[in-house]
Asks: 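My structure is below; once you've seen it, I'll send some questions.
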There are 2 protein chains.
Amino acid sequence: MLDTRPRRRAIEDTASELFRERGYAATSVRDIAKALDIQGASLYAHVASKEDVLWAIVDRVATAFEAAVAGAEAGAGDRDPVDRLRAFVRAHVHVICADPGASSVFVHEWRHLSDDRRAAILERRDAYERRLRGRIADGIADGVFAMVDPALAATFLLTALNGIPTWYRREGHLSPDQLADAWADLAVRSLTEVPL
Amino acid sequence: MLDTRPRRRAIEDTASELFRERGYAATSVRDIAKALDIQGASLYAHVASKEDVLWAIVDRVATAFEAAVAGAEAGAGDRDPVDRLRAFVRAHVHVICADPGASSVFVHEWRHLSDDRRAAILERRDAYERRLRGRIADGIADGVFAMVDPALAATFLLTALNGIPTWYRREGHLSPDQLADAWADLAVRSLTEVPL
DNA sequence: GGGCTTGCCTAACGATCGTTAGTTGGGTAT
DNA sequence: ATACCCAACTAACGATCGTTAGGCAAGCCC
């Protein structure tokens, strides 16, 4: 079967998988090229630099996260805080499952970006975290969530979410929907006070 | 003030911090040496190889985790499942907080170990995860935890725990005890069924 | 005081790194 | 048929990698 992806995208996908397995610094340009059955130098007909490939991956995943939760909030914005948090978590998990390799790179390899790009990504991550913090604060104000520090709880949930790409495999027996449901259940319960 | 640590341990501590910040592959032997104000080649009077330093760190942290939860289980073994899970989580968090740099290396850099060492570490991680799974299964059998898949729940908790060293800083305003309490609360609640 | 150990030094090794330059062959458009 | 472009090639660059070899000065043991 013939690969209809633009060459540039095939390079990014191959690089994602290698960056996830070995890390950005431990993956050479020649490694990426070899996986595509071409010479290392031939890559430079398609990309400006190794860091450019990293940036393309990180930027694409960041945009996917932003779009996914924006869509989730648009779809559940009028519902109660529990449903809105569930929608947030489910959207996040589905982005990860759609491309675990790229998501892993987004989570772990952004420190190898240039200063400007790293700063830009950190700012977008912060905005994302603030958004989640808002959903948690809503639930607390509403009385359905326990009195936790929203910042700490958001860190807990993001930590539990961001770790997924390090172990999730698409070939496994766990479907994206099952995983999204399970994580949403665990997330909501972790914030829900259990009465005595 | 004079550094009373054996030179070898000072090297490992410095390497831990650099490995955490930049990753193992992106940290050169000369980087480690420069942080200690000596020449790169001088390190080899104290260590056999770069990978040896990585192994020393990873092995030490693995042992610390094993010892900590063994101690926790010895201290709470006769209590109810909720207390035992709390003790497990708290012990884990305290090991991380005692040395976040080394813990981060343990979590993220083990793939750069040689084949034998990597296999050995993965086996110890598996045993650790099975232990946690047992605590969860106990609580389910006891009726205090919701009917979740123990394997999936253990993965959730370990994901939430293993992500801590990537953001926790000892200089921050969050004490190890506060963090351990918060994570134990969130962990227990995430497994506790909320009645309708 | 002679010998040993410790802790560092300088110099250099072969390998590999990211990247540039110049070229070639096959497909497409004119 | 001619001109062009695209995707790949080979060859090489300077830098940096982990590591080895050999030496030198200070402190301790007998």
Asks: How close or far is atom C1' of D/dT19 from atom CD1 of B/Ile38, stated in whole angstroms?
Replies: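 Rounding to the nearest Å, CD1 of B/Ile38 and C1' of D/dT19 are 15 Å apart.
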Asks: Give me the ring orientation class for B/His108 and A/His108: parallel if the planes are under 30° apart, tilted from 30 to 60°, perpendicular past 60°.
Replies: perpendicular
Asks: Roughly how far apart are A/Trp110 CH2 and A/Leu122 CG, rounded to 0.5 Å?
Replies: 4.5 Å
Asks: Closer than 4.0 Å, any side-chain N/O of B/His46 to the OP1 or OP2 of C/dT6?
Replies: no
Asks: Should B/Arg131 and B/Glu73 count as side-chain neighbours, where that means a heavy-atom distance under 4.5 Å?
Replies: yes
Asks: Over how many whole Å does the gap from B/Gln39 atom CD to C/dC9 atom P extend?
Replies: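 So the CD-P distance, B/Gln39 to C/dC9, works out to 5 Å.
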Asks: Using 30° and 60° as the class boundaries, would you call the ring planes of B/Trp183 and A/Phe156 parallel, tilted or perpendicular?
Replies: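 Perpendicular.
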Asks: What is the distance, rounded to the nearest whole Å, between atom CG of B/Leu43 and atom P of C/dT10?
Replies: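 Distance, rounded to whole Å: 14 Å.
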Asks: Expressed as a whole number of angstroms, how long is the span from B/Leu36:CG to C/dG7:P?
Replies: 13 Å
Asks: Examine D/dA7: is either OP1 or OP2 under 4.0 Å from a nitrogen or oxygen in the side chain of A/Ser42? Give yes or no.
Replies: no
Asks: In whole angstroms, how far is the P atom of D/dG18 from the CG atom of B/Leu18?
Replies: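 Computing the B/Leu18:CG to D/dG18:P distance gives 12 Å.
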Asks: B/Ile11 CD1 to C/dG7 P: how many Å, rounded?
Replies: 10 Å
Asks: What nucleotide, of C/dC9, D/dG18, D/dT10, holds the atom closest to the side chain of A/Ala41?
Replies: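 It is D/dT10.
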Asks: Does a side-chain N or O from B/Arg7 land closer than 4.0 Å to OP1 or OP2 of C/dC8, or not?
Replies: yes
Asks: Could you check how far NZ of B/Lys34 sits from P of D/dG18, rounded to whole Å?
Replies: 13 Å
Asks: Between D/dC9, D/dT20, C/dT19, which nucleotide gets closest to the side-chain atoms of A/Ser49?
Replies: C/dT19
Asks: Would one find a side-chain N or O of B/Ser28 under 4.0 angstrom from OP1 or OP2 of D/dC17?
Replies: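 Yes, within the criterion.
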Asks: Between A/His92 and A/Tyr128, is the gap from one ring center to the other below 6.0 Å?
Replies: yes
Asks: Expressed as a whole number of angstroms, how long is the span from B/Arg22:CZ to D/dC17:C1'?
Replies: 15 Å
Asks: Let me know, please, whether A/Tyr24 or B/Asp37 comes out on the 5' side of the other along DNA chain C by nearest nucleotide.
Replies: B/Asp37
Asks: With no angle test and no hydrogens, is the base of C/dG18 tied to the side chain of A/Arg30 by a donor-acceptor pair under 3.5 Å?
Replies: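 Indeed there is one.
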